[in-house]
Amino acid sequence: MAPLPISSISVGQIDDVQELIKSRPNKVPERFIREEYERGVVLSSLKTHHLHHQIPVIDLSKLSKPHNDDFFFEILKLSQACEDWGFFQVINHGIEVEVVEDVEKVAKEFFDMPLEEKKKYPMEPGTVQGYGQAFIFSEDQKLDWCNMFALGVHPPQIRNPKLWPSKPARFSESLEGYSKEIRELCKKLLKYIAISLGLKEERFEEMFGEAVQAVRMNYYPPCSSPDLVLGLSPHSDGSALTVLQQSKNSCVGLQILKDNTWVPVKPLPNALVINIGDTIEVLSNGKYKSVEHRAVTNREKERLTIVTFYAPNYEVKIEPMSELVDDETNPCKYRSYNHGDYSYHYVSNKLQGKKSLDFAKILN
Ligand code: OGA
Ligand code: NI
């Protein structure tokens, strides 16, 4: 979430989706309507009943006691999940349900405030923190059926204190408490991911330095024509790891692209959805994939997600880890670059599938 020195972007009128449905609940403005090809093929709900079509579930309690059979089995599952899906859900992650529900509550209260109040924390064109729509760079770009509120959390230098809201009163406190827990979870997950790649446990933590953590709250109001719009455009995440929380009883909204079909991710109670970001794809020399995903909306139900992006410090040099490259059998697929430069590249382009990774690919 590096700041962008962009002052001359003309983005046109960006309607606030919550306000739109208040004034004209059945109208979907042209700027939100997607082309047919963008809507894609979605796996039928019949098929998603089959386990084969569901993203893997990792039980973190089995990883708390190292080196027994359960541990190795779960590590194997994790490695397959990262290779085949780029996504998995974690259960028994140890984060208190109160902490999770608390941040959800303040986030919902934030989105429910009058627009004038939310506008005190604007996401200016070309920036990615604050309230509004990110990744809009032109007047003719389609808009997502979503209101976003994004904040840099850690290290403190990436925070913009003016954007941390004074209302709801407990917003900052709740987000701090939640973010601390998620940070610990990310550190743990990176250890397990290192083990699953045959690396030493601390490998990622040692190279990441003071890791960057940012949060984005996505609020998807109901849409009278859900088939015409997208909640969030297809993209991969620029992070190392992403932790997505969907509120309890949330309808299906997240979809991931697998074998050219959009597979819905069914929310599980008390689970968190984890996905591999572009950075781990590069570090693992493509063994683990950052998979393209998007969000869709629902005719009746709103949906709220709280998404944490966890990434190396901006100063860190990123390149495939030498342990995972072999000139003969597994040549290096990505060049070396500075993570801050990648972050800048990511936030200064619109979301477009996995296109952002072209920045790093070595093209033959
Ligand atoms: C994201 C994201 C999906 C969702 O914020 O990067 O992929 O369901 N969100 O909100
Ligand atoms: Ni994402």
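Counting from 1, the numbers follow the sequence of the chain as shown. Since the structure is predicted, the reported quantities are computational estimates derived from the model, not experimental observations. All ligand and atom numbering here is 1-based and tracks the order in the structure.
Evaluation of the salt bridge (charged side-chain N to carboxylate O under 4.0 Å, His left out) rule for Lys350 yields no partner, not counting sequence neighbours. Under the rule for a side-chain contact (heavy atoms from CB on, under 4.5 Å), the partners of Ala240 that lie at least two apart in sequence or sit in another chain are Phe208, Thr279, Ile280, Pro312.
Any protein N/O/S atom under 2.8 Å from the Ni ion (ligand 2) was counted, giving 3 altogether.
By the neighbour-count criterion of 12 heavy atoms within 6.0 Å, atom CG of Asn260 is sparsely surrounded, having that number or fewer from other residues, nucleotides or ligands. Other residues, nucleotides and ligands contribute over 12 non-hydrogen atoms within 6.0 Å of the CZ atom of Phe72.
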Contacts table for ligand 1: protein N or O within a distance under 3.5 Å of ligand N or O, distances only.
from     : atom 1 : to     : atom 2 : distance (Å)
ligand 1 : 5 (O)  : Arg216 : NH2    : 3.0
ligand 1 : 5 (O)  : Asn218 : ND2    : 3.1
ligand 1 : 6 (O)  : Arg216 : NH2    : 3.0
ligand 1 : 6 (O)  : His235 : NE2    : 3.0
ligand 1 : 6 (O)  : Asp237 : OD1    : 3.3
ligand 1 : 7 (O)  : His235 : NE2    : 3.1
ligand 1 : 7 (O)  : His293 : NE2    : 2.9
ligand 1 : 8 (O)  : Arg303 : NH1    : 3.1
ligand 1 : 8 (O)  : Arg303 : NH2    : 2.9
ligand 1 : 10 (O) : Asn218 : ND2    : 3.3
ligand 1 : 10 (O) : Tyr220 : OH     : 2.6
ligand 1 : 10 (O) : Thr305 : OG1    : 2.7

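Remark: the backbone N or O of Gly277 is not paired with any side-chain donor or acceptor of Asp237 at under 3.5 angstrom. Between the side chain of Ser64 and the backbone N or O of Ser61 there is at least one donor-acceptor pair closer than 3.5 Å.
In this structure, Tyr131 and Phe110 have perpendicular ring planes: the angle between them is above 60°, well past the 30° mark.
A salt bridge links Glu302 with Lys108: the closest approach of a Lys/Arg side-chain nitrogen to an acidic carboxylate oxygen falls below 4.0 angstrom. In summary, Arg335 and Glu319 do not engage in a salt bridge, as defined by a charged side-chain N under 4.0 Å from a carboxylate O.
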